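Below: one structure, written as structure tokens.
Whatever order the structure lists them in is the order used to number ligands and atoms, beginning at 1. Since we're looking at a predicted model, the values are computed, not measured.
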Amino acid sequence: MSEPNKRDLEAGITTDLRDRMSYGGYLALDTLLSAQSPLSRPEHHDEMLFIIQHQTSELWMKLIIHELRAAIAHLAQDDLDPCLKILARVKQIQRQLFEQWAVLETLTPSEYLEFRDVLGPASGFQSHQYRTIEFLLGNKNADMIAVFAHDPARQAALTAVLKAPSLYDEFLRYLARQGHAVPAECVERDFSQPYERNAHLIGVFRRIYENTDTYWSAYHLCEQLVDVEESFQLWRFRHMKTVERIIGFRRGTGGSSGVAFLRKALELTFFPELFEVRSVIGT
Ligand code: HEM
Ligand SMILES: N[C@@H](CC(=O)c1ccccc1NC=O)C(=O)O
């Protein structure tokens with residue numbers, strides 16, 4: 001006689017959750033799962049994929065922001081070790097975000113075009129969480145704030161992130177406090193301005209990379225930052241390629257040229273000197 005293909009409940013399993021903390025209650029699932037509202041009429045089957053792909057991305061972005069804010073605070077306190085752990089986590093979240101493009105890539109151009117019109121002028125360009133992450137990592141660009149004029153509170157919050165030191169700014173300030181020859185203009189500056197590469201930093205990083213035993217933690221952090229930038233670029237690249245295969249070279253709903261605009265973002269860099277130093281170490 002074979003065993004029945006059924007698992008019995010154990011006597012200890014709690015089944016009465018009246019007035020108790022429950023799974024759905026703790027996770028606010030009623031709110032979370034009632035937030036998917038396709039607009040196409042008749043409802044297009046694939047609009048749900050489009051919505052959930054964006055919502056899950058926004059949830060992971062929320063966690064990245066939470067982690068990056070903590071990392072910045074730790075750096076400001078000269079506390080490198082927790083920062084290293086946080087960036088290892090951020091890298092894994094970025095991997096999730098990056099791998100997720102494969103799901104959306106099952107959407108064909110004809111399927112997307114059947115409900116694209118309901119999006120109106122809405123676009124990922126208006127993702128305040130995405131822009132917050134860019135600012136926290138150091139891609140400062142005040143022009144990106146204009147699209148939040150319809151939401152003054154949001155715009156003010158983003159402006160505060162724009163004006164505050166980024167993760168990289170805080171790392172450079174930390175290195176200066178540790179006695180590295182970080183130029184004064186990297187330590188105090190108008191943090192709302194785009195980061196400009198500083199040739200003196202190549203020497204600072206060269207010293208760290210050529211004396212890893214002495215500067216192990218700083219060296220480790222440098223490499224974590226390189227990981228984060230690379231993962232960010234991979235996300236941008238896959239977004240661009242996904243867009244290319246779904247809408248070709250049409251204009252974006254947000255009003256940009258589309259793929260050409262997205263491609264330009266691939267030229268941006270958060271931590272230029274950390275890439276430049278790789279050509280000079282050991283020479
Ligand atoms: C069918 C799928 C998608 C298409 C066709 C698409 C298309 C575009 C286009 C054309 C732009 C440029 C701005 C514009 O003119 O609209 C853009 C920007 C953007 N999209 Fe998407 N997108 C798609 C999916 C996604 C997803 C799943 C996310 C995840 C949150 C996302 C996030 C963003 C972000 C953050 C930007 C701003 C990028 C930047 O400033 O460089 N997009 N998208
Ligand atoms: N920009 C996209 C529309 C789009 O993808 C979108 C629209 C509303 C909410 C999020 C979106 N995702 C990324 O841009 C397009 O041009 O088709």
Taking [atom] as the point of reference, which of [options] owns the nearest heavy atom?
atom	options	value
atom 39 (C) of ligand 1	Arg238, Arg131, Glu134	Arg131
atom 14 (O) of ligand 2	Ala122, Gly255, Gly124	Gly124
atom 25 (C) of ligand 1	His54, Gln129, Arg263	His54
atom 17 (C) of ligand 1	His239, Glu244, Arg245	His239
atom 6 (C) of ligand 1	Val243, Val103, Val147, Ile246	Val243

Taking N or O atoms only and a 3.5 Å limit, does [X] qualify as a polar contact for ligand 1?
X	value
Ser123	yes
Ser256	yes
Gly254	yes

Could an N or O of ligand 2 be found under 3.5 Å from any N or O of Arg251, whether backbone or side chain?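 Looking only at distances, the answer is no, because the N/O contact criterion of under 3.5 Å is not met.
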Indicate yes or no: does an N/O atom of His239 lie under 3.5 Å from an N/O atom of ligand 2?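 In this structure, His239 places no N or O atom under 3.5 Å from an N or O of ligand 2.
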Counting heavy atoms under 4.0 Å, the part of Trp235 that contacts ligand 1 is side chain
Proximity of Leu262 to ligand 1 by residue part, where a heavy atom lies under 4.0 Å: side chain
If you measure from each heavy atom of Met61 to ligand 1, is any distance below 4.0 Å?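 In this structure, Met61 qualifies as a contact of ligand 1 - some heavy atom is under 4.0 Å.
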Element-labelled atoms of ligand 2 that are located less than 4.0 Å from some non-hydrogen atom of [X]:
X	result
His54	10 (C), 11 (C), 12 (N), 13 (C)
Gly252	16 (O)
Tyr112	2 (C), 3 (C), 4 (C), 5 (O), 15 (C), 17 (O)

So, applying ring-ring contact (aromatic ring centres under 6.0 Å, His included) with Tyr130, which one of Phe135, Phe125, Phe232 is it? Phe232
So, [X] versus [Y], ring centres under 6.0 angstrom or not?
X	Y	answer
Tyr168	Phe270	no
Phe237	Trp101	no
Tyr174	His180	no

Kindly indicate whether a cation-pi arrangement holds for Arg238 with Phe98, taking the cut-offs as under 6.0 Å to the six-membered ring centre and within 45° of the axis. yes
Donor-acceptor check, side chain of Lys140 to backbone of Phe191, threshold 3.5 angstrom: yes or no?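 Here the side-chain-to-backbone pair exists.
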Any donor and acceptor pair, going by atom type alone, linking the side chain of Asp227 with main-chain N or O of Gln224 inside 3.5 Å? no
Element-labelled atoms of ligand 1 that are located less than 4.0 Å from some non-hydrogen atom of Gln53: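 Those qualifying, in numeric order: 27 (C).
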Numbered in order shown, the ligand 1 atoms found under 4.0 Å of a heavy atom of Gly258 are 10 (C)
How far is atom 35 (C) of ligand 1 from its nearest protein heavy atom, and which residue and atom name does that atom have? Tyr130 CG, 3.2 Å
Whether the Thr269 and Glu229 side chains hold a donor-acceptor pair (N or O, under 3.5 Å, no angle test) is what I'd like checked. yes
